[in-house]
2 protein chains.
Amino acid sequence: MNETRSAASGPRSPADQSRHASTRERLLDAAERLFGEQGFAATSLRAVTVEADANVAAVNYHFGSKEGLLRAVVERTMAAVNGERLRLLEELRTSGHQPTVGELVRAFVLTGARLVERSGERGTDVARFLGRVMSERDPAIRRLFGAEVSPVEGRYLEALQAALPQLPPDEVGFRYRSMVGLLGLYQSGVLTDLHPGRAAVATTANTDAERLITLLTSAFHAPPTTDPVAPAEGAPEHC
Amino acid sequence: MNETRSAASGPRSPADQSRHASTRERLLDAAERLFGEQGFAATSLRAVTVEADANVAAVNYHFGSKEGLLRAVVERTMAAVNGERLRLLEELRTSGHQPTVGELVRAFVLTGARLVERSGERGTDVARFLGRVMSERDPAIRRLFGAEVSPVEGRYLEALQAALPQLPPDEVGFRYRSMVGLLGLYQSGVLTDLHPGRAAVATTANTDAERLITLLTSAFHAPPTTDPVAPAEGAPEHC
DNA sequence: GTCTATACGAAGATAGAC
DNA sequence: GTCTATCTTCGTATAGAC
(Lines give C-alpha, C1' and ligand atoms only; values in the text may rest on other atoms or scores of the structure.)
Protein backbone atom coordinates (compact mmCIF):
# COMPACT_ATOMS: atom_id res chain seq x y z
CA MET A 1 0.00 0.00 0.00
CA ASN A 2 2.84 2.28 0.72
CA GLU A 3 5.69 2.37 -1.74
CA THR A 4 7.43 0.99 -4.75
CA ARG A 5 6.94 -2.68 -4.17
CA SER A 6 4.04 -4.83 -3.15
CA ALA A 7 5.60 -8.29 -3.14
CA ALA A 8 9.35 -8.33 -3.09
CA SER A 9 10.40 -11.69 -1.80
CA GLY A 10 7.76 -14.40 -2.07
CA PRO A 11 5.88 -15.57 -5.16
CA ARG A 12 3.22 -12.94 -5.86
CA SER A 13 -0.26 -14.34 -5.66
CA PRO A 14 -2.88 -11.55 -5.76
CA ALA A 15 -4.24 -10.45 -9.12
CA ASP A 16 -1.60 -12.07 -11.25
CA GLN A 17 -3.66 -11.43 -14.34
CA SER A 18 -1.19 -11.64 -17.23
CA ARG A 19 0.47 -14.68 -15.82
CA HIS A 20 3.93 -15.26 -17.20
CA ALA A 21 4.13 -12.36 -19.66
CA SER A 22 7.46 -10.61 -19.82
CA THR A 23 8.11 -7.56 -17.70
CA ARG A 24 7.95 -5.49 -20.86
CA GLU A 25 4.48 -6.77 -21.77
CA ARG A 26 3.18 -6.38 -18.24
CA LEU A 27 4.40 -2.79 -18.19
CA LEU A 28 2.66 -2.07 -21.50
CA ASP A 29 -0.61 -3.59 -20.26
CA ALA A 30 -0.52 -1.69 -16.99
CA ALA A 31 0.37 1.59 -18.70
CA GLU A 32 -2.40 1.18 -21.26
CA ARG A 33 -4.95 0.68 -18.52
CA LEU A 34 -3.76 3.43 -16.19
CA PHE A 35 -3.04 6.02 -18.90
CA GLY A 36 -6.50 5.38 -20.31
CA GLU A 37 -8.12 5.65 -16.91
CA GLN A 38 -6.36 8.63 -15.41
CA GLY A 39 -4.45 10.22 -18.25
CA PHE A 40 -0.75 10.40 -18.92
CA ALA A 41 0.30 13.17 -16.57
CA ALA A 42 -1.90 12.03 -13.71
CA THR A 43 -0.49 8.50 -13.75
CA SER A 44 2.70 8.07 -11.77
CA LEU A 45 5.35 5.71 -13.02
CA ARG A 46 5.31 4.06 -9.65
CA ALA A 47 1.62 3.24 -10.00
CA VAL A 48 2.38 1.56 -13.32
CA THR A 49 5.24 -0.47 -11.93
CA VAL A 50 3.25 -1.59 -8.91
CA GLU A 51 0.42 -2.83 -11.14
CA ALA A 52 2.92 -4.56 -13.43
CA ASP A 53 4.78 -5.98 -10.46
CA ALA A 54 8.05 -4.49 -11.67
CA ASN A 55 10.60 -2.00 -10.47
CA VAL A 56 10.50 1.69 -11.33
CA ALA A 57 13.82 1.47 -13.09
CA ALA A 58 12.51 -1.27 -15.39
CA VAL A 59 10.51 1.38 -17.23
CA ASN A 60 13.61 3.40 -17.89
CA TYR A 61 15.51 0.33 -18.95
CA HIS A 62 12.92 -0.91 -21.43
CA PHE A 63 11.51 2.38 -22.72
CA GLY A 64 13.98 5.08 -21.75
CA SER A 65 11.47 7.34 -20.03
CA LYS A 66 7.83 7.76 -19.14
CA GLU A 67 7.23 9.28 -22.57
CA GLY A 68 9.04 6.35 -24.14
CA LEU A 69 6.60 4.04 -22.39
CA LEU A 70 3.71 6.07 -23.78
CA ARG A 71 5.21 5.89 -27.25
CA ALA A 72 5.50 2.11 -27.01
CA VAL A 73 1.88 1.74 -25.94
CA VAL A 74 0.74 4.03 -28.75
CA GLU A 75 2.73 2.08 -31.30
CA ARG A 76 1.41 -1.26 -30.13
CA THR A 77 -2.19 -0.08 -30.25
CA MET A 78 -2.06 2.03 -33.38
CA ALA A 79 -0.48 -0.77 -35.37
CA ALA A 80 -3.75 -2.66 -35.03
CA VAL A 81 -5.93 0.36 -35.76
CA ASN A 82 -3.86 1.38 -38.76
CA GLY A 83 -4.01 -2.10 -40.22
CA GLU A 84 -7.75 -2.28 -39.76
CA ARG A 85 -8.31 1.15 -41.30
CA LEU A 86 -6.20 0.36 -44.34
CA ARG A 87 -7.92 -3.00 -44.76
CA LEU A 88 -11.37 -1.39 -44.65
CA LEU A 89 -10.28 1.29 -47.07
CA GLU A 90 -8.96 -1.30 -49.52
CA GLU A 91 -12.19 -3.23 -49.14
CA LEU A 92 -14.16 -0.12 -50.07
CA ARG A 93 -11.96 0.74 -53.02
CA THR A 94 -12.11 -2.72 -54.56
CA SER A 95 -15.87 -2.98 -54.26
CA GLY A 96 -16.35 -1.47 -57.68
CA HIS A 97 -17.51 2.05 -56.87
CA GLN A 98 -15.94 5.19 -55.44
CA PRO A 99 -16.34 5.06 -51.65
CA THR A 100 -18.91 7.59 -50.45
CA VAL A 101 -18.21 10.04 -47.66
CA GLY A 102 -20.56 8.16 -45.40
CA GLU A 103 -18.75 4.89 -46.02
CA LEU A 104 -15.37 6.49 -45.35
CA VAL A 105 -16.53 8.13 -42.14
CA ARG A 106 -18.16 4.92 -40.98
CA ALA A 107 -15.06 2.86 -41.65
CA PHE A 108 -12.88 5.37 -39.84
CA VAL A 109 -15.08 5.74 -36.76
CA LEU A 110 -16.00 2.09 -36.33
CA THR A 111 -12.38 0.95 -36.52
CA GLY A 112 -11.90 1.94 -32.92
CA ALA A 113 -15.05 0.14 -31.87
CA ARG A 114 -14.06 -3.06 -33.64
CA LEU A 115 -10.64 -2.99 -32.08
CA VAL A 116 -12.30 -2.68 -28.71
CA GLU A 117 -14.49 -5.71 -29.38
CA ARG A 118 -11.53 -7.82 -30.42
CA SER A 119 -9.47 -6.75 -27.43
CA GLY A 120 -12.00 -8.42 -25.18
CA GLU A 121 -11.36 -7.76 -21.52
CA ARG A 122 -8.93 -4.92 -22.20
CA GLY A 123 -11.25 -3.30 -24.74
CA THR A 124 -12.50 -0.36 -22.76
CA ASP A 125 -9.01 0.41 -21.53
CA VAL A 126 -7.78 0.51 -25.10
CA ALA A 127 -10.62 2.77 -26.21
CA ARG A 128 -10.11 5.28 -23.45
CA PHE A 129 -6.38 5.24 -23.94
CA LEU A 130 -6.66 5.80 -27.69
CA GLY A 131 -9.20 8.52 -27.21
CA ARG A 132 -7.01 10.34 -24.78
CA VAL A 133 -3.95 10.17 -26.97
CA MET A 134 -5.88 11.12 -30.09
CA SER A 135 -7.00 14.46 -28.71
CA GLU A 136 -3.97 15.18 -26.59
CA ARG A 137 -2.74 18.75 -26.68
CA ASP A 138 0.79 18.15 -25.49
CA PRO A 139 2.86 18.90 -28.63
CA ALA A 140 5.25 16.04 -27.96
CA ILE A 141 2.43 13.52 -27.72
CA ARG A 142 0.73 15.04 -30.77
CA ARG A 143 3.89 14.64 -32.84
CA LEU A 144 4.25 11.06 -31.71
CA PHE A 145 0.63 10.29 -32.53
CA GLY A 146 0.83 12.12 -35.84
CA ALA A 147 3.84 10.10 -36.91
CA GLU A 148 1.93 6.93 -36.10
CA VAL A 149 -1.16 7.72 -38.16
CA SER A 150 0.41 9.58 -41.08
CA PRO A 151 0.56 6.54 -43.39
CA VAL A 152 -3.20 6.02 -43.06
CA GLU A 153 -3.99 9.71 -43.07
CA GLY A 154 -2.74 10.22 -46.60
CA ARG A 155 -4.88 7.45 -48.00
CA TYR A 156 -8.02 8.65 -46.25
CA LEU A 157 -7.47 12.21 -47.35
CA GLU A 158 -7.15 11.04 -50.96
CA ALA A 159 -10.35 9.04 -50.77
CA LEU A 160 -12.26 11.85 -49.05
CA GLN A 161 -11.04 14.36 -51.61
CA ALA A 162 -12.19 12.07 -54.41
CA ALA A 163 -15.61 11.78 -52.80
CA LEU A 164 -15.85 15.56 -52.33
CA PRO A 165 -14.40 17.03 -55.53
CA GLN A 166 -16.19 20.34 -55.05
CA LEU A 167 -14.31 21.03 -51.78
CA PRO A 168 -10.85 22.64 -51.74
CA PRO A 169 -8.16 20.37 -50.24
CA ASP A 170 -7.66 22.73 -47.32
CA GLU A 171 -11.25 22.35 -46.33
CA VAL A 172 -11.16 18.57 -46.65
CA GLY A 173 -8.09 18.60 -44.42
CA PHE A 174 -9.82 20.79 -41.86
CA ARG A 175 -12.82 18.50 -41.72
CA TYR A 176 -10.61 15.42 -41.55
CA ARG A 177 -8.74 16.85 -38.56
CA SER A 178 -12.08 17.71 -36.98
CA MET A 179 -13.12 14.09 -37.41
CA VAL A 180 -9.94 12.80 -35.79
CA GLY A 181 -10.26 15.23 -32.91
CA LEU A 182 -13.93 14.55 -32.33
CA LEU A 183 -13.40 10.79 -32.47
CA GLY A 184 -10.73 11.25 -29.84
CA LEU A 185 -13.03 13.24 -27.61
CA TYR A 186 -15.75 10.64 -28.09
CA GLN A 187 -13.50 7.70 -27.29
CA SER A 188 -12.15 9.37 -24.19
CA GLY A 189 -15.70 9.74 -22.91
CA VAL A 190 -15.93 13.51 -23.18
CA LEU A 191 -19.00 13.51 -25.42
CA THR A 192 -20.78 10.69 -23.69
CA ASP A 193 -21.39 11.43 -20.05
CA LEU A 194 -22.96 14.28 -18.12
CA HIS A 195 -26.62 13.50 -18.81
CA PRO A 196 -27.54 11.54 -15.71
CA GLY A 197 -31.28 11.70 -16.28
CA ARG A 198 -31.70 8.62 -18.40
CA ALA A 199 -31.45 5.02 -17.34
CA ALA A 200 -30.26 3.12 -20.39
CA VAL A 201 -26.50 3.24 -20.48
CA ALA A 202 -25.85 -0.15 -22.01
CA THR A 203 -26.71 0.86 -25.55
CA THR A 204 -25.29 4.35 -25.22
CA ALA A 205 -21.95 3.38 -26.70
CA ASN A 206 -23.33 2.02 -29.95
CA THR A 207 -25.88 4.80 -30.20
CA ASP A 208 -23.29 7.51 -29.70
CA ALA A 209 -20.98 5.94 -32.27
CA GLU A 210 -23.85 6.09 -34.77
CA ARG A 211 -24.60 9.64 -33.73
CA LEU A 212 -21.00 10.54 -34.33
CA ILE A 213 -21.09 8.98 -37.80
CA THR A 214 -24.28 10.83 -38.64
CA LEU A 215 -22.86 14.10 -37.41
CA LEU A 216 -19.53 13.74 -39.21
CA THR A 217 -21.05 12.59 -42.49
CA SER A 218 -23.27 15.64 -42.53
CA ALA A 219 -20.33 17.84 -41.57
CA PHE A 220 -18.29 16.61 -44.52
CA HIS A 221 -21.21 17.29 -46.83
CA ALA A 222 -21.39 20.93 -45.80
CA PRO A 223 -20.96 23.38 -48.67
CA PRO A 224 -17.54 25.01 -49.13
CA THR A 225 -16.98 27.81 -46.65
CA THR A 226 -17.71 31.19 -48.13
CA ASP A 227 -15.87 34.44 -47.54
CA PRO A 228 -15.40 35.40 -43.89
CA VAL A 229 -17.18 38.72 -44.40
CA ALA A 230 -20.92 38.37 -43.80
CA PRO A 231 -21.55 34.92 -45.31
CA ALA A 232 -25.02 34.03 -46.44
CA GLU A 233 -25.46 31.86 -43.32
CA GLY A 234 -28.51 30.20 -44.77
CA ALA A 235 -26.49 27.97 -47.04
CA PRO A 236 -26.88 24.68 -45.18
CA GLU A 237 -30.32 25.70 -44.04
CA HIS A 238 -32.15 24.63 -47.17
CA CYS A 239 -31.74 20.89 -46.83
CA MET B 1 18.02 30.07 -15.23
CA ASN B 2 18.48 28.09 -12.09
CA GLU B 3 15.88 28.45 -9.40
CA THR B 4 12.95 30.22 -7.92
CA ARG B 5 13.99 33.80 -8.46
CA SER B 6 15.36 35.79 -11.38
CA ALA B 7 15.82 39.21 -9.81
CA ALA B 8 15.88 39.26 -6.07
CA SER B 9 17.60 42.42 -5.01
CA GLY B 10 17.58 45.22 -7.58
CA PRO B 11 14.59 46.72 -9.38
CA ARG B 12 13.58 44.20 -12.05
CA SER B 13 14.02 45.65 -15.50
CA PRO B 14 13.68 42.89 -18.13
CA ALA B 15 10.22 42.28 -19.58
CA ASP B 16 8.26 44.09 -16.92
CA GLN B 17 5.13 43.85 -19.06
CA SER B 18 2.27 44.34 -16.63
CA ARG B 19 3.95 47.17 -14.84
CA HIS B 20 2.49 47.81 -11.44
CA ALA B 21 -0.29 45.20 -11.41
CA SER B 22 -0.81 43.42 -8.13
CA THR B 23 0.87 40.12 -7.49
CA ARG B 24 -2.49 38.45 -7.82
CA GLU B 25 -3.08 39.89 -11.29
CA ARG B 26 0.45 39.10 -12.42
CA LEU B 27 0.03 35.51 -11.29
CA LEU B 28 -3.24 35.22 -13.22
CA ASP B 29 -1.67 36.68 -16.36
CA ALA B 30 1.37 34.42 -16.17
CA ALA B 31 -0.75 31.34 -15.48
CA GLU B 32 -3.09 32.14 -18.35
CA ARG B 33 -0.17 32.39 -20.75
CA LEU B 34 1.78 29.36 -19.55
CA PHE B 35 -1.24 27.08 -19.04
CA GLY B 36 -2.38 27.98 -22.54
CA GLU B 37 1.04 27.38 -24.00
CA GLN B 38 2.11 24.20 -22.27
CA GLY B 39 -0.99 22.88 -20.58
CA PHE B 40 -1.89 22.66 -16.94
CA ALA B 41 0.06 19.61 -15.87
CA ALA B 42 3.16 20.49 -17.86
CA THR B 43 3.43 23.95 -16.32
CA SER B 44 5.26 24.05 -13.03
CA LEU B 45 4.12 26.43 -10.36
CA ARG B 46 7.66 27.70 -10.18
CA ALA B 47 7.62 28.65 -13.84
CA VAL B 48 4.49 30.69 -13.22
CA THR B 49 5.92 32.47 -10.22
CA VAL B 50 9.18 33.27 -12.03
CA GLU B 51 7.24 34.84 -14.91
CA ALA B 52 5.05 36.76 -12.47
CA ASP B 53 8.08 37.77 -10.42
CA ALA B 54 6.54 36.39 -7.27
CA ASN B 55 7.25 33.73 -4.73
CA VAL B 56 5.92 30.18 -4.97
CA ALA B 57 4.03 30.58 -1.73
CA ALA B 58 2.13 33.55 -3.14
CA VAL B 59 0.10 31.12 -5.23
CA ASN B 60 -0.92 29.20 -2.19
CA TYR B 61 -1.76 32.37 -0.34
CA HIS B 62 -3.97 33.85 -3.04
CA PHE B 63 -5.49 30.73 -4.58
CA GLY B 64 -4.93 27.90 -2.12
CA SER B 65 -3.39 25.50 -4.60
CA LYS B 66 -2.36 25.05 -8.19
CA GLU B 67 -5.87 23.94 -9.06
CA GLY B 68 -7.19 27.00 -7.26
CA LEU B 69 -5.07 29.14 -9.53
CA LEU B 70 -6.50 27.36 -12.56
CA ARG B 71 -10.01 27.89 -11.25
CA ALA B 72 -9.36 31.60 -10.80
CA VAL B 73 -8.04 31.96 -14.35
CA VAL B 74 -11.02 30.05 -15.75
CA GLU B 75 -13.45 32.20 -13.80
CA ARG B 76 -11.83 35.44 -14.89
CA THR B 77 -11.91 34.43 -18.55
CA MET B 78 -15.26 32.68 -18.68
CA ALA B 79 -17.05 35.56 -16.99
CA ALA B 80 -16.44 37.61 -20.14
CA VAL B 81 -17.30 34.77 -22.53
CA ASN B 82 -20.48 33.87 -20.67
CA GLY B 83 -21.64 37.45 -20.63
CA GLU B 84 -21.00 37.85 -24.33
CA ARG B 85 -22.78 34.59 -25.18
CA LEU B 86 -25.86 35.47 -23.16
CA ARG B 87 -25.91 38.96 -24.65
CA LEU B 88 -25.77 37.59 -28.20
CA LEU B 89 -28.44 35.02 -27.42
CA GLU B 90 -30.75 37.69 -26.03
CA GLU B 91 -30.07 39.82 -29.09
CA LEU B 92 -31.14 36.94 -31.33
CA ARG B 93 -34.25 36.17 -29.34
CA THR B 94 -35.50 39.74 -29.30
CA SER B 95 -35.00 40.21 -33.04
CA GLY B 96 -38.49 39.01 -33.76
CA HIS B 97 -37.90 35.52 -35.14
CA GLN B 98 -36.78 32.18 -33.73
CA PRO B 99 -32.99 32.05 -33.95
CA THR B 100 -31.83 29.63 -36.63
CA VAL B 101 -29.27 26.91 -35.98
CA GLY B 102 -26.73 28.78 -38.07
CA GLU B 103 -27.22 31.94 -36.06
CA LEU B 104 -26.85 30.08 -32.77
CA VAL B 105 -23.71 28.28 -33.89
CA ARG B 106 -22.21 31.49 -35.21
CA ALA B 107 -22.92 33.36 -32.01
CA PHE B 108 -21.41 30.57 -29.93
CA VAL B 109 -18.26 30.12 -31.99
CA LEU B 110 -17.50 33.76 -32.66
CA THR B 111 -17.77 34.66 -28.98
CA GLY B 112 -14.31 33.30 -28.40
CA ALA B 113 -12.93 35.18 -31.37
CA ARG B 114 -14.41 38.48 -30.23
CA LEU B 115 -13.02 38.00 -26.76
CA VAL B 116 -9.62 37.43 -28.28
CA GLU B 117 -9.87 40.62 -30.32
CA ARG B 118 -10.84 42.66 -27.28
CA SER B 119 -8.05 41.17 -25.19
CA GLY B 120 -5.53 42.79 -27.51
CA GLU B 121 -1.98 41.76 -26.75
CA ARG B 122 -3.02 38.82 -24.57
CA GLY B 123 -5.61 37.61 -27.07
CA THR B 124 -3.83 34.54 -28.37
CA ASP B 125 -2.91 33.49 -24.85
CA VAL B 126 -6.55 33.70 -23.82
CA ALA B 127 -7.66 31.71 -26.86
CA ARG B 128 -5.20 28.92 -26.30
CA PHE B 129 -5.94 28.79 -22.62
CA LEU B 130 -9.70 28.62 -23.16
CA GLY B 131 -9.29 26.00 -25.85
CA ARG B 132 -7.21 23.82 -23.62
CA VAL B 133 -9.54 24.01 -20.69
CA MET B 134 -12.60 23.48 -22.87
CA SER B 135 -11.41 20.13 -24.16
CA GLU B 136 -9.58 18.99 -21.07
CA ARG B 137 -10.10 15.39 -20.07
CA ASP B 138 -9.05 15.63 -16.46
CA PRO B 139 -12.34 15.07 -14.59
CA ALA B 140 -11.53 17.71 -11.99
CA ILE B 141 -10.89 20.35 -14.64
CA ARG B 142 -13.97 19.24 -16.57
CA ARG B 143 -16.15 19.66 -13.50
CA LEU B 144 -14.73 23.07 -12.84
CA PHE B 145 -15.27 24.16 -16.43
CA GLY B 146 -18.73 22.63 -16.54
CA ALA B 147 -19.79 24.55 -13.46
CA GLU B 148 -18.62 27.74 -15.11
CA VAL B 149 -20.56 27.33 -18.36
CA SER B 150 -23.69 25.61 -17.08
CA PRO B 151 -25.78 28.80 -16.84
CA VAL B 152 -25.19 29.53 -20.52
CA GLU B 153 -25.43 25.89 -21.56
CA GLY B 154 -29.05 25.58 -20.54
CA ARG B 155 -30.11 28.61 -22.54
CA TYR B 156 -28.31 27.48 -25.66
CA LEU B 157 -29.70 23.97 -25.42
CA GLU B 158 -33.21 25.41 -25.19
CA ALA B 159 -32.71 27.59 -28.24
CA LEU B 160 -31.11 24.79 -30.26
CA GLN B 161 -33.92 22.41 -29.35
CA ALA B 162 -36.46 24.99 -30.48
CA ALA B 163 -34.65 25.38 -33.77
CA LEU B 164 -34.45 21.62 -34.27
CA PRO B 165 -37.83 20.29 -33.10
CA GLN B 166 -37.47 17.08 -35.11
CA LEU B 167 -34.40 16.00 -33.11
CA PRO B 168 -34.66 14.15 -29.79
CA PRO B 169 -33.15 16.11 -26.88
CA ASP B 170 -30.43 13.50 -26.40
CA GLU B 171 -29.22 14.05 -29.91
CA VAL B 172 -29.27 17.83 -29.55
CA GLY B 173 -27.22 17.41 -26.39
CA PHE B 174 -24.74 15.14 -28.13
CA ARG B 175 -24.25 17.64 -30.94
CA TYR B 176 -23.98 20.53 -28.50
CA ARG B 177 -21.22 18.72 -26.61
CA SER B 178 -19.53 18.00 -29.91
CA MET B 179 -19.63 21.70 -30.70
CA VAL B 180 -18.11 22.63 -27.36
CA GLY B 181 -15.39 20.01 -27.72
CA LEU B 182 -14.57 20.90 -31.29
CA LEU B 183 -14.46 24.60 -30.48
CA GLY B 184 -12.02 23.75 -27.72
CA LEU B 185 -9.81 21.76 -30.05
CA TYR B 186 -9.95 24.56 -32.60
CA GLN B 187 -9.07 27.26 -30.09
CA SER B 188 -6.19 25.27 -28.70
CA GLY B 189 -4.72 25.08 -32.21
CA VAL B 190 -5.26 21.37 -32.72
CA LEU B 191 -7.32 21.77 -35.88
CA THR B 192 -5.29 24.57 -37.36
CA ASP B 193 -1.68 23.63 -37.82
CA LEU B 194 0.12 20.70 -39.43
CA HIS B 195 -0.28 21.78 -43.07
CA PRO B 196 3.04 23.53 -43.64
CA GLY B 197 2.68 23.75 -47.41
CA ARG B 198 0.81 27.04 -47.66
CA ALA B 199 2.10 30.51 -47.07
CA ALA B 200 -0.87 32.57 -45.90
CA VAL B 201 -1.23 32.22 -42.18
CA ALA B 202 -2.55 35.68 -41.41
CA THR B 203 -6.10 34.99 -42.57
CA THR B 204 -6.11 31.38 -41.44
CA ALA B 205 -7.70 32.19 -38.12
CA ASN B 206 -10.76 33.88 -39.57
CA THR B 207 -11.06 31.32 -42.33
CA ASP B 208 -10.91 28.40 -39.93
CA ALA B 209 -13.48 29.98 -37.65
CA GLU B 210 -15.81 30.25 -40.64
CA ARG B 211 -15.00 26.67 -41.59
CA LEU B 212 -15.87 25.57 -38.11
CA ILE B 213 -19.20 27.42 -38.27
CA THR B 214 -19.99 25.85 -41.63
CA LEU B 215 -19.09 22.40 -40.38
CA LEU B 216 -21.05 22.66 -37.15
CA THR B 217 -24.13 24.16 -38.75
CA SER B 218 -24.27 21.28 -41.18
CA ALA B 219 -23.64 18.82 -38.37
CA PHE B 220 -26.61 20.13 -36.39
CA HIS B 221 -28.78 19.84 -39.48
CA ALA B 222 -28.02 16.14 -39.89
CA PRO B 223 -31.08 13.90 -39.75
CA PRO B 224 -31.85 12.07 -36.51
CA THR B 225 -29.60 9.07 -36.04
CA THR B 226 -31.30 5.87 -37.12
CA ASP B 227 -31.04 2.46 -35.50
CA PRO B 228 -27.50 1.20 -34.95
CA VAL B 229 -28.11 -1.86 -37.11
CA ALA B 230 -27.29 -1.17 -40.76
CA PRO B 231 -28.53 2.42 -41.14
CA ALA B 232 -29.39 3.67 -44.58
CA GLU B 233 -26.13 5.63 -44.73
CA GLY B 234 -27.31 7.63 -47.71
CA ALA B 235 -29.49 9.86 -45.62
CA PRO B 236 -27.36 13.02 -45.63
CA GLU B 237 -26.11 12.20 -49.09
CA HIS B 238 -29.02 13.73 -50.96
CA CYS B 239 -28.38 17.36 -50.18
C1' DG C 1 -3.33 41.66 5.11
C1' DT C 2 0.60 40.55 1.66
C1' DC C 3 4.18 38.38 0.64
C1' DT C 4 8.96 35.92 1.18
C1' DA C 5 12.12 32.37 2.76
C1' DT C 6 12.44 27.79 3.51
C1' DA C 7 11.32 22.93 4.53
C1' DC C 8 8.92 18.50 3.51
C1' DG C 9 7.22 14.46 0.91
C1' DA C 10 6.41 12.48 -3.61
C1' DA C 11 7.52 11.80 -8.37
C1' DG C 12 10.66 10.96 -12.59
C1' DA C 13 15.21 10.06 -13.95
C1' DT C 14 19.98 8.16 -13.46
C1' DA C 15 24.32 5.51 -11.97
C1' DG C 16 26.18 1.60 -10.72
C1' DA C 17 26.01 -2.93 -8.08
C1' DC C 18 24.55 -7.71 -8.85
C1' DG D 1 19.24 -7.57 -17.91
C1' DT D 2 17.43 -6.26 -13.35
C1' DC D 3 17.16 -3.74 -9.23
C1' DT D 4 18.97 -0.60 -5.26
C1' DA D 5 20.33 3.84 -4.08
C1' DT D 6 20.41 8.53 -5.10
C1' DC D 7 19.52 13.09 -7.50
C1' DT D 8 16.61 16.73 -9.13
C1' DT D 9 12.24 18.91 -9.45
C1' DC D 10 7.58 19.38 -8.29
C1' DG D 11 3.39 20.81 -5.29
C1' DT D 12 2.37 21.96 -0.80
C1' DA D 13 2.80 23.72 4.02
C1' DT D 14 4.70 26.67 7.70
C1' DA D 15 6.83 30.72 9.97
C1' DG D 16 7.78 35.19 10.00
C1' DA D 17 9.11 39.87 7.71
C1' DC D 18 6.87 44.16 6.10
Interatomic distance, A:L27 CG vs C:dG12 P [rounded to whole Å]: 13 Å

Contact nearer the 5' end of DNA chain D, comparing B:A57 with B:K66: B:K66

Euclidean distance, atom CG of residue B:L45 to atom P of C:dC3 [Å, nearest integer]: 15 Å

Protein-nucleotide distance (B:F63, atom CZ; D:dT12, atom P), rounded to Å: 13 Å

Any donor-acceptor pair under 3.5 Å from A:D125 side chain to A:G36 backbone: no

Ring geometry between B:F35 and B:F129 (parallel below 30°, tilted from 30 to 60°, perpendicular above 60°): parallel

Any B:Y61 side-chain nitrogen or oxygen under 4.0 Å from OP1 or OP2 of C:dC3: no

Touch class at under 4.0 angstrom, heavy-atom based, for A:S65 against every strand present: sugar-phosphate

Phosphate-side-chain proximity, A:N60 and C:dT14, N/O vs OP1/OP2 below 4.0 Å: yes

Spacing of A:D53 atom CG relative to D:dT2 atom P, expressed in whole Å: 13 Å

N/O (side chain, B:N55) to phosphate O (OP1/OP2, C:dA5) under 4.0 Å: yes

Side chain B:N82, main chain B:E148, donor-acceptor under 3.5 Å: yes

Intermediate values then yes/no, side chain to side chain donor-acceptor pair (under 3.5 Å), B:R26 and B:T23: CA-CA 5 Å; B:R26 278 181 286 123; B:T23 298; 3.0 Å; yes

Below 4.0 Å: OP1/OP2 of D:dT2 and any side-chain N or O of A:H62: yes

Integer-rounded Å distance: D:dC10 C1' and A:R46 CZ: 12 Å

Distance below 4.0 Å between B:T23 side-chain N/O and C:dT2 OP1 or OP2: no

